[in-house]
Amino acid sequence: MISKTMENAINEQINKELYSSYLYLSMAAYFESINLGGFAKWMYVQEGEEREHGMKFYHHLIERGAHPQLKAIAGPETEWVSPMACMEAVYEHEQGITKSINALYELAMKEKDYPVQIMLQWFISEQVEEEKNALDIIESLKRIEAHDTAVLMLDKQLGKRGGD
Ligand SMILES: [Fe+2]
Ligand SMILES: [Fe+2]
């Protein structure tokens with residue numbers, strides 16, 4: 001048997017995973033709007049994974065004899081000021097998800113709910129990966145930005161050239 005508290009907490013997590021899917025789909029639309037198809041592709045893959053995460057929790061409830069309760073999914077933002085700002089929002093979002101997965105694990109330990117603990121171990125590793133993926137892209141964008149600055153500096157230097 002799964003406790004009502006645990007069941008409610010998992011229902012909340014289903015909503016968070018489905019919201020994540022919605023958020024990444026919105027980010028894909030943003031990247032499409034600025035013609036960055038590669039970033040959009042990354043977001044489509046991410047969006048699909050988040051739906052699968054939601055389904056893992058959903059099926060867990062069913063396997064435990066509970067009834068998943070689907071709550072309203074909030075509308076995500078639709079615009080970001082830059083690819084960097086968008087990727088930083090991904091990183092921030094994933095850190096929040098990590099916190100909620102950790103809180104679920106603490107609850108499962110408190111309740112001695114071993115099946116939930118086993119299921120969550122996969123999610124704990126997944127969150128390490130999710131945070132790393134977002135950070136790697138942020139690091140690459142930083143390098144590109146640094147390169148842009150270098151080009152601008154060279155541009156300024158070249159602009160100082162006088163006539164022969
Ligand atoms: Fe997720
Ligand atoms: Fe995620």
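Just follow the structure's listing: the first ligand is 1, and inside any ligand the first atom is 1. It should be emphasised that the depicted structure is a prediction, and the values quoted were computed from it without experimental measurement.
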Metal proximity, Glu94 vs the Fe ion (ligand 2), N/O/S cut-off 2.8 Å: yes

Any N, O or S atom of Glu126 closer than 2.8 Å to the Fe ion (ligand 1): no

Glu17 side chain vs His53 backbone, donor-acceptor pair below 3.5 Å: no

Donor-acceptor under 3.5 Å (Ser21 side chain, Glu50 main chain): no

Atom nearest to the Fe ion (ligand 1) - His53, N, O or S atoms considered: ND1

Sidechain N-carboxylate O distance under 4.0 Å for Lys142, Glu139: yes

Backbone of Pro68 reached by a side-chain donor or acceptor of Asn11 within 3.5 Å: no

Main-chain N/O of Glu94 paired with Thr98 side-chain donor or acceptor, under 3.5 Å: yes

Closest Glu130 atom to the Fe ion (ligand 2) [N, O or S only]: OE2

Whether Glu49 has an N, O or S atom under 2.8 Å from the Fe ion (ligand 2): no

Shortest-distance N/O/S atom, Glu50 versus the Fe ion (ligand 2): OE2

Distance flag, aromatic centroids of Tyr44 and Tyr24, threshold under 6.0 Å: no

Closest Glu17 atom to the Fe ion (ligand 1) [N, O or S only]: OE1

